[in-house]
Amino acid sequence: MENKVVTVSMKNITKRFGEIIANDSVNLDIYKGEILALLGENGSGKTTLMNMLSGIYYPDEGQIFINNEEKVIASPRDAFELGIGMVHQHFKLVDVLTATENIVLGLDGKLDLKKASAKIREICRKYGFDVDPDQKVYDMSVSEKQTVEIVKVLYRGADILILDEPTAVLTPQETDRLFAILRNMKEDGKSIIIITHKMHEVLSISDRVAVLRKGTYVGDLRTKETTAQEMTEMMVGHAVELNIERPDPVDPKPRIEVKNLTVRNEEGILKLEDVSFTANSGEILGIAGISGCGQKELLEAIAGLQPAESGSVCYIEDDGSKDELLKKDPRQIQEMGVTLSFVPEDRLGMGLVGNMDMSDNMMLRSFRKGPTPFTDRKSPRKLAKKVVKDLDVVTPGISTPVRRLSGGNVQKVLVGREIASAPKVLLTAYAVRGLDINSSYTIYDLINRQKKAGVAVIYVGEDLDVLLEISDRILVMCGGKVSGIIDGRTATKNKVGMMMTRIGGEGFDEQ
Amino acid sequence: MIDLVSFIPRAVVQGIPLLYGSTGETLTEKAGNLNLGIPGVMYVGAISGVIGSFFYEQSGEINGFLAIAIPLLCSLAGSLIMGLIYCFLTVTLRANQNVTGLAMTTFGIGFGNFFGGSLIKLAGSDVPSIALSKTSAYFSHALPFADKLGWFGKIFLSYGFLAYASIAIALVTSRIIRHTRVGLHLRAVGESPTTADAAGINVTRYKYFATCIGCMIAGLGGLYYVMDYACGVWSNDAFGDRGWLAIALVIFTIWRPSIGIFASILFGGLYILYLFIPTGMDHMEIKELYKMIPYVVTLVVLVITSIRSKRENQPPASLGLAYFREER
């Protein structure tokens, strides 16, 4: 490695949360002017490690050297002063303040917002950001918020940038723009640490990869000399198969028929317009679209959570008889004998109760059953144990509140509960958002198993590569309308991308 | 027709304690602390001033400077201690803010009535109250020319110095919150302590300072009530529900002390409106209905502010929540 200068060196870092060891004697070096990808499964301690570098947590043991000098980083302020800035996965912005006010937050001296916004414009010009310093944060899109976060770090003159899953919420185009900016910053001599789960991003952006597994440091690799397969195996600790299988649908029959569905949200804005399609049993219908194009409303309308303005949603029995699902709440749908499972995008908001433990969460589905007014606590507990065992949920025990679990494990609990009722229809929204690669594949596998059992699966996803691999058919949405339904086996990423931005993907040149 | 020249000054003197209370509470809430102990704090502020003044009057010789300084310092000290207790419980020990606040109110009123009762015993008066007219005279001393300039003097110059101080404090607080770095940090702490913390702002320190200073400001409202409005007469429970109205005013003013100046005078006016509306002797019960007006207005305002969706006018996002950095 040609004359590299170490800027940050973390030595024997250990951090415990109660009985859980989040980091166990980790050694990590970061060089000047490189992009380092930090890899690891959910709960492997990547974020904890980076939080110690940015002063949020304080290590229990170990030392941190900045430019070969031992430093104590006791607070985020110490980190700024050492030129370390972190963009957190959950943005740390105050919604009611403007971009400028957020950026100067925590600095000293007289408050001069005009001078500050001039400096912000200067930074934006230098690296190619697009942000309005006077805009309020609550008016911003996710990618704009992220830009504000990055500018905030640069405004403080950071030389070492830490980005925690920056692409999890971005569209492919926004990701490309972000990566271009990161490369600009690297040219400028800044060191960048990026935490991500998406292998193709690691391969395209990083110079070096460092891998953590269960809180310990496994090793590092040069990106040029490695493959997604090798990195994943290092992360997981054993060989894994990185292909999503797509068995042919067996005996598909129409199961859910949506006709001319139109939905307005509470503010009266049209979210779905004249949507029609049929989902078949034993088949995965993928739904692609830029986020906020009506995917959420569509699933919620089918699940009985979203009132529709017009149209119909029919459940079709095996014998061909139809039952209308609109204007019924989830309980009525359940009483009709339609077993419909919904894995919503907001796991801890709609799917599970964060403060309740696993068995209580299992009970949310079954508490009405039973002959006595007393609830049956035994079978939910049994189910919770089964889910832990079958899906390898990492948890201190089934009586731990689910909000304490990592994202991937929360999702396993939710999916486990939903498929336990042996559904006929499975609706999933962003089932693998924020999950590491291993957990993602577990979820894909679970979904495929449901498909093989004859369930009609509707899979709303954001990663086009996965959608193209897993779906039998792909319904592309664009601004609340159906842009088109195409066969998953022959579709290309380009075609779907075009259809996402224009109805029917007109103007797309099939090469 | 209401006689405005006598109505407005009375509305103002009714409004000043509310203004102190709501300015103090706004400052506290901006740091994310919902201090429902404000009625208790104002009560303690009042009785502390009364205790100081009582013993000073007992000592004999009265000097103008000390007659103001002693009750003022006693009042500030009393409400500061209340603020520190509240902060220690809610910020350091992360106790529930609602429960703590309500307990502080109960405690403050009990504290006030206990010492108030003791002083009344000590003074050995025939009525269940004590009058501190000598020190009170310094507090309610009006500006010069107040009685020479006709209606203008009556409406604008006829108040004691604490009334003018309350308006100055409200304006300064408003300015600090909106236009200084300290204010920006304070708002950040109240909106999102995690963000503030990550930005290197000392959340605990801001919460302590804002709450304690807020309590001291609110305590002055109690002092003004006894020393100026009530002419130095303390009787138990006379302060009434003004503390709760002050908290309601915070919502009414959408967390802006400068609006509070007008809002508190308006509420002061509503509070005494029943005295100025002629009802005749046949329908005395209608007067009781007029007394409800401030509370009805508060309810209506609550409904209206909840409907209004503008984000700037909402309460600080983390209001009422304790902050713990390492919570996962």
Side-chain angles (χ1 to χ4, degrees), chain A residues 15-18 20 22 43 47-48 51 54-58 73-81 85-88 90-98 100-113 116 136-139 148-149 152-153 155-156 266-267 354 401 403-406, chain B residues 26 29-32 96 172-207 209-210 254-256 305-319 321-328:
Chain A
K15 176 77 186 170
R16 299 181 197 90
F17 291 103
I20 302 164
T47 305
T48 307
N51 274 337
S54 63
I56 301 278
Y57 297 153
Y58 191 73
I73 307 177
S75 73
R77 187 173 281 259
D78 292 350
F80 299 148
E81 276 157 21
M86 178 157 174
V87 176
H88 296 268
H90 304 288
F91 299 138
K92 305 226 178 217
L93 295 172
V94 180
D95 277 353
V96 295
L97 301 183
T98 63
T100 308
E101 287 173 322
N102 265 293
I103 288 166
V104 299
L105 201 62
L107 299 176
D108 297 320
K110 199 180 172 301
L111 187 65
D112 186 348
L113 292 176
K136 296 264 180 178
V137 168
Y138 61 76
D139 274 335
V148 174
E149 283 279 20
K152 182 158 98 182
V153 169
Y155 186 94
R156 288 162 163 72
E266 277 172 13
E267 282 98 53
R403 78 182 150 84
R404 296 253 180 96
L405 307 183
S406 70
Chain B
T26 303
E29 290 196 10
K30 278 286 173 191
N96 181 300
V172 169
T173 309
S174 210
R175 171 104 196 142
I176 287 176
I177 291 174
R178 293 200 68 76
H179 295 289
T180 66
R181 199 172 282 282
V182 170
L184 179 65
H185 293 181
L186 182 69
R187 279 185 284 156
V189 167
E191 289 288 339
S192 168
T194 31
T195 304
D197 196 13
I201 297 168
N202 189 330
V203 174
T204 308
R205 189 159 65 193
Y206 268 86
K207 277 180 175 267
F209 270 91
I254 43 174
W255 291 267
R256 282 176 199 155
T305 45
S306 311
I307 292 169
R308 229 184 342 198
S309 57
K310 208 168 164 223
R311 291 288 297 272
E312 284 85 349
N313 298 341
Q314 298 301 312
S318 84
L319 185 63
L321 306 173
Y323 174 62
F324 179 42
R325 183 189 283 179
E326 297 208 357
E327 185 167 78
R328 302 193 80 190

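What's counted below: heavy atoms across the whole structure, side chains too, no hydrogens, waters or symmetry copies. Chain letters run A, B, ... following the sequence lines, proteins first and then strands; every chain starts at 1.
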Given heavy-atom pairs under 4.5 angstrom as the criterion, report whether the side chain, backbone, both or neither of L113(A) touches chain B.
neither

Is it the side chain or the backbone of N51(A) that comes within 4.5 Å of chain B heavy atoms, both, or neither?
neither

Under 4.5 Å from any heavy atom of chain B, what part of K136(A) do you find: side chain, backbone, both or neither?
side chain

Of all the residues in residues 172-182 of chain B, which have a heavy atom that comes within less than 4.5 Å of a heavy atom in chain A?
H179(B), T180(B), R181(B)

Closest-packed option against chain A by number of heavy-atom pairs under 4.5 Å, given A188(B), G183(B), A196(B), S192(B):
A188(B)

Residue selection (most heavy-atom pairs with chain B, distance under 4.5 Å) from L107(A), N102(A), D78(A):
L107(A)

For the residue pair L97(A) and E191(B), establish whether any side-chain heavy-atom pair is separated by less than 4.5 Å.
no

To the nearest 0.5 Å, how far apart are NE2 in H88(A) and OG1 in T195(B)?
9.0 Å

Heavy-atom pair of closest approach, residues P76(A) and D197(B):
CG-O, 3.1 Å

Testing the basics here: between A198(B) and K92(A), what is the closest heavy-atom pair and its distance to 0.1 Å?
CB-CD, 3.6 Å

Heavy-atom pair with the smallest gap, counting every atom of H185(B) and G106(A)
NE2-N, 2.9 Å

